[in-house]
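Okay, so here's the structure we're looking at.
Please read these numbers as outputs of a predicted model, since none were measured by experiment.
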Amino acid sequence: MMEITGLRKIFGKGTINEKVALANFSMTVGDGEFVTVIGGNGAGKSTLMNCIAGVYETEEGKIVLDGKDMTTMPEHLRSQWIGRVFQDPSKGTAFDMTIEQNLAIAYGKGKLRGLTPGIKKSEVDFFREQLVLLGLGLEDRMKHKVGLLSGGQRQALTLLMATIVKPKLLLLDEHTAALDPPTAKTVLALTDRFVSEHGLSTFMITHNMKAALSHGTRTIMMHEGRIILDVSGKERETMTVEDLIEQFEKKAGQELDNDRMLLG
Amino acid sequence: MPIPLLVGSVEQGLIYAVMALGVFLSFRTLNTPDLTVDGSFVLGAAFSAVICSGGGNPFFAVVVAFVAGCLAGSVTALLNTKLQIQPLLAGILVMLGLYSVNLRVLGGKANIPLMNIKTIYNSFDGTALEAYGEILVIFLVISFVLLLLYLFLQTKLGFALRATGDNEYMVRASGINTNRMKLIGMALANGLVATSGAMIAQYQSYADVGMGLGMVVIGLASVIIGEVIFGTKTLRRRLIAVVLGAVIYRVVIAYSMSRGLPAVDLKLISAIIVTIALSIGVISKYLLKYYKRFAMTTLGKKLIPSPRAKATPEGGDQK
Ligand SMILES: Nc1ncnc2c1ncn2[C@@H]1O[C@H](COP(=O)(O)OP(=O)(O)O)[C@@H](O)[C@H]1O
Ligand SMILES: [Mg+2]
């Protein structure tokens with residue numbers, strides 16, 4: 001379970017460009033809950049993820065994961081429990097290393113990285129089994145460099161890397177936004193499978209309103225660094241994209257301005 | 001090229017290859033150009049010369065040099081990661097500081113000669129292999145360094161180090177402390193550089209406070225020459241390419257000098273070689289662009305007189 005209380009993040013504090021990106025943000029995410037996050041440009045969605053992951057320090061507030069206070073923990077320590085997939089497909093993998101080497105690095109999470117062989121024989125077989133599950137034929141290209149893969153293949157691989165050591169929390173920041181629609185669909189389907197198979201608590205930022213409702217168990221809408229809508233259960237099941245937009249305009253008092261936002 | 005000159009430059013090339021492997025580690029593996037090299041090379045040479053001339057074991061001198069180099073590299077890494085000074089500037093600062101340190105190590109003198117002193121190259125003296133003592137020792141050392149480095153880069157720690165140069169986001173997301181990786185990488189890189197300096201000092205029988213000038217450029221030249229000629233396909237090939245690159249660089253320089261290249265122009269030539277090597281990608285892009293334009297305007301009209309010639313630049317491209 002993750003509890004975020006009173007989180008505050010200000011960029012450029014004390015300058016004319018001061019920007020409150022997270023304003024007193026609080027929420028609790030239960031075990032196995034799959035939250036989809038939507039909101040206009042600059043609503044603070046990515047900032048939220050980066051604060052949870054430890055990329056940014058926060059001004060105020062607390063982040064507690066399974067009873068452990070992570071608020072001041074450095075990014076690499078939090079990563080033991082947090083899996084991440086970025087919007088930019090090139091961010092999730094080491095391009096000059098092979099598929100199996102990338103997997104080995106991800107698989108080493110939380111373990112000592114000493115002078116033992118980077119990949120053990122038994123691990124190669126395990127990685128191959130895992131790659132088969134992606135259904136992209138990557139199991140036959142384990143010794144190929146990741147730089148040769150397409151964006152969709154990389155995102156699928158990054159997803160596998162983010163979950164190969166079961167994380168307590170999975171963070172996905174528009175991880176399909178850079179992909180063409182069919183590939184995005186494949187990666188989304190994989191996401192659903194990984195999340196349900198491992199029962200992962202998940203945050204998924206998406207620019208696709210329909211996907212926000214059709215995936216996951218709960219949807220939050222962000223505006224100016226806070227939650228303006230939080231739906232789950234029965235209410236969410238019957239909700240349509242039109243309802244979402246209407247809700248947004250009512251709560252935010254303005255039109256939704258995300259130019260990349262997909263309604264269908 | 002006379003044989004002794006060739007042998008000599010191959011020997012020197014193999015010693016400088018240890019330095020080039022260090023530069024490879026920082027420049028390619030960590031993706032950070034590290035200017036500490038000019039100072040840490042001399043640091044190694046200085047410790048080597050002082051210990052040897054004091055009657056110490058010459059191998060011990062090399063080990064001390066390695067450790068000293070590691071410390072120098074650590075300082076650069078810490079300036080970068082803890083004080084957030086840009087890597088280039090951090091390297092320059094440490095290089096400058098090392099100039100004083102090196103003078104101190106040399107006992108305030110600008111150089112120390114090592115005449116009639118036992119060095120690592122005397123290891124086979126009194127055996128049947130005495131005549132080949134130098135090349136044997138050098139060959140053993142470079143093989144040892146290559147093997148260790150190759151094995152190291154295949155370990156879990158080595159993977160983490162390599163990935164740090166590739167993509168820091170991914171590395172931190174995998175639970176790895178990138179600052180620690182930079183520290184380890186920079187330390188090892190400068191340890192190798194100092195080892196090379198220590199070996200050169202014993203090889204040429206003196207250490208001089210100015211002997212490191214432009215060393216980083218020679219290292220880069222070796223790395224790039226190796227890559228251009230031997231490729232970058234596998235890690236093993238890359239490492240061997242660096243060694244061969246260092247040897248080729250030395251041999252070419254020795255040959256040019258035997259053909260009358262004045263020693264004063266050496267640094268300029270090195271700088272030009274590295275400039276060309278670093279910009280080969282960009283230059284070929286420019287050339288291609290000019291060629292395309294040329295092909296479209298001049299050749300295109302002549303070869304494809306149809307009015308659609310301009311709309312199909314690909315057509316002109318293939319001519
Ligand atoms: N590194 C940064 N430096 C300064 N301002 C930033 C930074 N990152 C985000 N911001 C600002 O914070 C606000 C929230 O940004 P972000 O979280 O990226 O929004 P979203 O992901 O919802 O589109 C925006 O106004 C943005 O300009
Ligand atoms: Mg964003």
Side-chain angles (χ1 to χ4, degrees), chain A residues 49-50 53-55 73-98 100-120 123 143-147 154 157-158 161-165 167 170-171 173, chain B residues 24-32 77-78 81-82 84 147-185 187-188 191 223 227 231-239 241-242 281:
Chain A
M49 295 236 163
N50 285 326
V55 179
M73 210 181 265
E75 184 182 352
H76 68 271
L77 288 183
R78 296 189 205 192
S79 293
Q80 303 173 62
W81 308 295
I82 298 178
R84 270 186 284 168
V85 184
F86 309 91
Q87 178 176 346
D88 179 352
S90 65
K91 264 193 175 182
T93 44
F95 67 92
D96 203 25
M97 298 181 75
T98 64
E100 60 178 13
Q101 289 171 340
N102 270 275
L103 283 166
I105 291 171
Y107 195 54
K109 239 189 202 187
K111 300 182 201 116
L112 183 76
R113 291 176 205 265
L115 298 177
T116 52
I119 310 178
K120 292 198 205 86
E123 287 172 343
K143 294 212 184 307
H144 288 215
K145 285 187 179 175
V146 167
R154 283 194 207 189
L157 179 62
T158 307
M161 287 165 61
T163 52
I164 197 160
V165 173
L170 179 63
L171 300 178
D173 187 352
Chain B
F24 173 81
L25 211 52
S26 50
F27 184 60
R28 283 296 186 230
T29 307
L30 280 182
N31 203 10
T32 317
L78 290 173
T81 57
K82 298 289 171 201
Q84 303 194 352
L147 184 70
L148 277 192
L149 192 57
Y150 178 68
L151 291 177
F152 170 70
L153 290 174
Q154 308 267 41
T155 62
K156 293 215 185 301
L157 183 61
F159 275 13
L161 197 77
R162 286 156 71 186
T164 301
D166 252 18
N167 184 349
E168 287 192 35
Y169 299 100
M170 171 267 195
V171 171
R172 281 194 292 269
S174 303
I176 298 166
N177 185 346
T178 45
N179 287 350
R180 184 181 301 161
M181 290 306 130
K182 288 179 191 170
L183 183 71
I184 294 173
L188 270 183
V223 170
E227 284 174 352
T232 58
K233 209 150 180 215
T234 61
L235 179 66
R236 192 177 343 170
R237 178 178 281 220
R238 292 193 84 155
L239 293 178
V242 172

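Here the closest non-hydrogen pair linking A106(A) and V165(A) is O-CG2, 3.8 Å. Across all their heavy atoms, L153(B) and F159(B) have their closest contact at O-CD1, 3.6 Å. When all heavy atoms of G83(A) and P167(A) are compared, the pair lying nearest together is N-CB, 3.6 Å. When all heavy atoms are compared, the tightest approach of I105(A) to A163(B) is CD1-CB, 3.6 Å.
For L171(A), no part sits under 4.5 Å from any heavy atom of chain B, backbone or side chain. Both the backbone and the side chain of L115(A) have a heavy atom closer than 4.5 Å to some heavy atom of chain B.
The residue among G147(A), G114(A), A162(A), P74(A) with the most heavy atom pairs within less than 4.5 Å of chain B is G114(A). Between chain A and the residues I176(B), V171(B), L235(B), the largest count of heavy-atom pairs under 4.5 Å involves I176(B).
Checked against side-chain contact (heavy atoms from CB on, under 4.5 Å), L183(B) has the following partners two or more places apart in sequence or in another chain: S74(B), A77(B), L78(B).
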Suppose we count any N or O donor within 3.5 Å of an acceptor, strictly below that value; which pairs fall between chain B and chain A?
residue: Q154(B); atom: O; partner: G118(A); partner atom: N; Å: 2.6
residue: K156(B); atom: N; partner: T116(A); partner atom: O; Å: 2.9
residue: K156(B); atom: NZ; partner: P117(A); partner atom: O; Å: 3.4
residue: K156(B); atom: NZ; partner: G118(A); partner atom: O; Å: 3.2
residue: L157(B); atom: N; partner: G114(A); partner atom: O; Å: 3.0
residue: D166(B); atom: OD2; partner: F95(A); partner atom: N; Å: 3.2
residue: D166(B); atom: OD2; partner: D96(A); partner atom: N; Å: 2.6
residue: N167(B); atom: ND2; partner: S90(A); partner atom: O; Å: 3.0
residue: N167(B); atom: ND2; partner: K91(A); partner atom: O; Å: 2.7
residue: N167(B); atom: ND2; partner: T93(A); partner atom: O; Å: 2.8
residue: R172(B); atom: O; partner: S79(A); partner atom: OG; Å: 2.7
residue: R172(B); atom: NE; partner: E75(A); partner atom: OE1; Å: 3.0
residue: S174(B); atom: O; partner: R113(A); partner atom: NH2; Å: 2.8
residue: R238(B); atom: NH1; partner: D96(A); partner atom: OD2; Å: 3.2

Before giving the answer on side-chain contact (heavy atoms from CB on, under 4.5 Å), spell out for L103(A) and I119(A) the whole-Å C-alpha distance, their side-chain angles and the decisive distance to 0.1 Å. CA-CA 9 Å; L103(A) 283 166; I119(A) 310 178; over 6 Å; no
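Each of L147(B), L25(B), L188(B) was compared with F152(B) under the side-chain contact (heavy atoms from CB on, under 4.5 Å) criterion, and only L188(B) meets it.
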